Structure formats: C-alpha cells, structure tokens
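These numbers were taken from a predicted model, which means no experiment stands behind them.
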Amino acid sequence: MATQDGGEGAIMDTEPIPKEAEALGENAEKADAEATSHTDAGNATTQDSSISNGEDADDEREKVDLKIIWNKNKYDLKIAVDSTGAKLKERIHALTGLPPAMQKVMYKGLLPEDKTLRDIKVTNGAKIMVVGSTINDVLAVNTPKEVIQQEVKAEENKKEPLCRQKQHRKVLDKGKPEDIMPAIKGTKERLPTVPLSGMYNKSGGKVRLTFKLEQDQLWIGTKERTEKVPMGSIKNVLSEPIEGHEDYHMMAFQLGPTEASQYWVYWVPAQFVDAIKDTVLGKWQYF
C-alpha cells in the first residue's frame, strides 16, 4: 500500500495545470497584446496628426476672392495668390467645363499662364473675364461660318445690287453724312483705336461701332442705347460698295438665322471693311 501511495504521489506531480491557471495565463498574454496594439495605434495617430497639420498649413496660404465672368454667368472663386495663370485656368475649367486650351482669360489684358496672380497684381474681389466656347458648343455648330459665307455670297450674286433695293435706297438717298470718317478706296487698314462713327443704321439714325477685343464684343451704339453683341454670336458679315461712292460700303452683321436679324450699317469707310470682317469672324489682329 505504501508503494501504491508513493506511486500515486508521483502521478499527482505530473498532472495538467488546472483550468483556472490556464485562464490567468491567457488573460496576461491578451493584455500584453492589447498594450502593444494601443502603442502602435498611438504612433499611427501621431503620424496622421503630423500629416494633417501639414495640409492645414498649406491651406493657410494667402488667397484672393475672384469673380469669374463667362458667358453672362458669374462664379465665385477663392484661389492662392501665388497660383499661376495656368493653375487659374484649371480652376476655371472645374467651375465652367471650359477646357484651358479654349480659354481666353482677361485681367487688364490677356492673362499670362507663367506668371502668378501676385506678379500681375490681382487683388481681392477682382473681376476676371473669360472668353471661349466649350467643346459641346463647338460641336453644336452644324454649319461652319465659311460655308454660310459661301452660300450667302452665291445668293447675293443672283440678286440686284443691295444699294438699289428699296429698303436700302431710302437710307442712302439721305446722302453721305457730314461727320462721316474719311474713306480711302483700294487700301486696307487696321481698325482704328477709336470707335467708327458718323454712319447710319437702317432707320436712318446715327450709329457707331466699338470693337471691344478684350471682351470679345462688338458694341453697336445709337443715341438711345448701346447694344453689346458677343462676336461669337455673329454668324456672318456682309458688305457691298455704295454705287457712286465706292470708297464707302454698306455692311450687315448677321445676328440670327434669317435676313430679318441682319443689322445694317451704311457709309462704312472702305479701308476698314476687311479688318472688321476678320475681327468679328474670328481672325484676330495682333498690334
């Protein structure tokens, strides 16, 4: 019996650890793992905080509030004053959908792409004029202007001279205006720096033409009002020498699809006719 008791004592020494002890050991390991996890998370939070602070510092760069004006619409834009003209075009693209390559951006003249807004002294609240058509606008034009011009010219050849038609005769019969600008037959000159004035419109009233190249507009002024017409909306420009006064032309601006939308101007000096057509129809002059 003594031998058996001793054997039993040996067996007791090699029995497994009680479950309570195992649980305590597992809890200790889990606590160590959680502590390591919290430490890693704390380090990650510190790194994220550092990155976030860097972004905030970038956002705190000096900025200006601008008014972007395009296609009769106005947009508010806040941009860093050290942004280049090229960067401004990218922001305008995001606002309007107008690709940078098709933008003509104006601020006291054509805005350079390689200079910053600070360089060209853009101030807070400045108005930025944008001229250009979106790709969809361009694709929406079914008939090129060149085709329209050819069709109109062919139609003109079938008719009697415009200056003999009754609707024009009543204006031309008033005679040449006394304050009309001098004309030079057989020469071509650039547009003058002052408005073309002293001419008549279809109703026989005085009219002047002002070419606002920076705004891409033709201003048609009368005694009563001034109509500001986007040059891109003018479909065609017609002209014909006045019989007996070939150093002057009668000229029509095609503002719509029909003849009724033609705006007629009489006694246009001949030397400016080609320059007017080139400017209005998109062939820009560089002085």
- Test item: V131 and Q215 side chains (from C-beta on) under 4.5 Å apart, heavy atoms: no
CG (N201) and CD1 (I220) are apart, to the nearest 0.5 Å, by 9.5 Å
In short, A183 meets A270 closest at the heavy-atom pair CB-N, 4.2 Å
Original post:
Cationic tip of K174 within the cone over Y200's six-membered ring, i.e. under 6.0 Å and within 45° of the normal?
Top reply: yes
Same apolar cluster (I L V M F W Y, side chains within < 4.5 Å links), Y75/I92:
yes
Practice problem: Decide yes or no for V105 and K89: does some side-chain heavy atom of the first lie under 4.5 Å from some side-chain heavy atom of the second? | Solution: yes
For residues L281 and M231: do they belong to one hydrophobic cluster (side chain heavy atoms under 4.5 Å, members Ile, Leu, Val, Met, Phe, Trp, Tyr)? yes
One should read off an interatomic distance between L66 CG and D76 CG, to the nearest 0.5 angstrom, of 9.5 Å
message = What I'd like to find out is whether the side chain of Q103 reaches to under 4.5 Å of the side chain of H93, using heavy atoms alone.
response = yes
_Same cluster or not: L88 versus I120, using hydrophobic residues (I, L, V, M, F, W, Y) connected whenever any side-chain heavy atoms lie under 4.5 Å apart?_
yes
**OP:** Go through the steps to decide whether L162 and M250 satisfy the test side-chain contact (heavy atoms from CB on, under 4.5 Å), and finish with yes or no.
**Re:** CA-CA 8 Å; L162 294 170; M250 49 189 294; 3.8 Å; yes
Query raised in the report: Just wondering, do Q217 and V229 contact through their side chains at under 4.5 Å, heavy atoms?
Result: no
| query | Should R118 and E62 be marked as a salt bridge (Lys or Arg N to Asp or Glu O under 4.0 Å) after you check the CA-CA gap, both sets of side-chain angles, and the distance that decides it? | reply | CA-CA 10 Å; R118 189 191 300 276; E62 183 182 354; 3.1 Å; yes
Co-membership, hydrophobic cluster, residues W219 and Y263, 4.5 Å side-chain: no
**Prompt:** Out of curiosity, does L117 fall in the hydrophobic cluster containing L95 (side-chain heavy atoms, cut-off under 4.5 Å, transitive links)?
**Reply:** yes
For D65 and N124 the tightest heavy-atom approach is N-OD1, 2.6 Å
Of all heavy-atom pairs linking Q262 and A252, the shortest is CB-CB, 4.2 Å
Original post:
Counting heavy atoms not belonging to K206, are there more than 12 under 6.0 Å from its NZ?
Top reply: yes
### Message
Are the side chains of V265 and F253 in contact, using a 4.5 Å heavy-atom criterion?
### Response
yes
Step by step, work out the side chain to side chain donor-acceptor pair (under 3.5 Å) result for K202 and Q167.
-> CA-CA 8 Å; K202 195 172 182 178; Q167 58 175 327; 3.3 Å; yes
**Prompt:** Would I69 and K127 count as a side-chain contact (heavy atoms from CB on, under 4.5 Å) if you check the C-alpha gap in whole Å, the side-chain angles of each, and the deciding distance to 0.1 Å?
**Reply:** CA-CA 7 Å; I69 302 174; K127 293 182 179 180; 4.1 Å; yes
Exam field: side chain E246 to backbone G244, donor-acceptor pair closer than 3.5 Å | yes
OG1 of T210 to NZ of K212, rounded to nearest 0.5 Å, is 6.5 Å
Item to complete: Verify side-chain contact (heavy atoms from CB on, under 4.5 Å) between Q254 and S261, making sure each step is shown before the conclusion.
Response: CA-CA 6 Å; Q254 186 81 36; S261 60; 3.6 Å; yes
When rounded to the nearest 0.5 Å, the distance separating CD1 of I242 from CG of D247 is 8.5 Å
Exactly one candidate in Y266, W267, F272 meets ring pair (Phe, Tyr, Trp, His ring centres under 6.0 Å) with Y248; the answer is W267
Query raised in the report: Do I234 and N236 have side chains that get closer than 4.5 Å, going by heavy atoms?
Result: no
In this structure, CE of M129 is separated from CG of D216 (nearest 0.5 Å) by 9.5 Å
When every non-hydrogen atom of V273 is compared with those of S239, the smallest separation belongs to CG1-OG, 3.6 Å
Practice task
Measure from the side-chain N and O atoms of R169 to the backbone N and O of C163, and report whether any donor-acceptor pair falls under 3.5 Å.
Solution key: yes
Checking side-chain polar atoms at under 3.5 Å, does T84 have a donor or acceptor matched by the opposite partner on K115?
no
*Measure the shortest side-chain to side-chain distance between I128 and W70 over non-hydrogen atoms and say whether it is less than 4.5 angstrom.*
no
Minimal heavy-atom distance between P182 and Q271, with the atoms involved, is O-NE2, 3.1 Å
Heavy-atom side-chain proximity of V268 to I276 below 4.5 angstrom: yes
Just do the side-chain contact (heavy atoms from CB on, under 4.5 Å) check on T226 and R208 with the steps written out, would you? CA-CA 9 Å; T226 297; R208 66 184 176 276; 3.6 Å; yes
Tightest non-hydrogen contact, residues V122 and A126, listed as CG1-CB, 4.0 Å
Here the gap from I79 atom CD1 to E90 atom CD, rounded to the nearest 0.5 Å, amounts to 9.0 Å
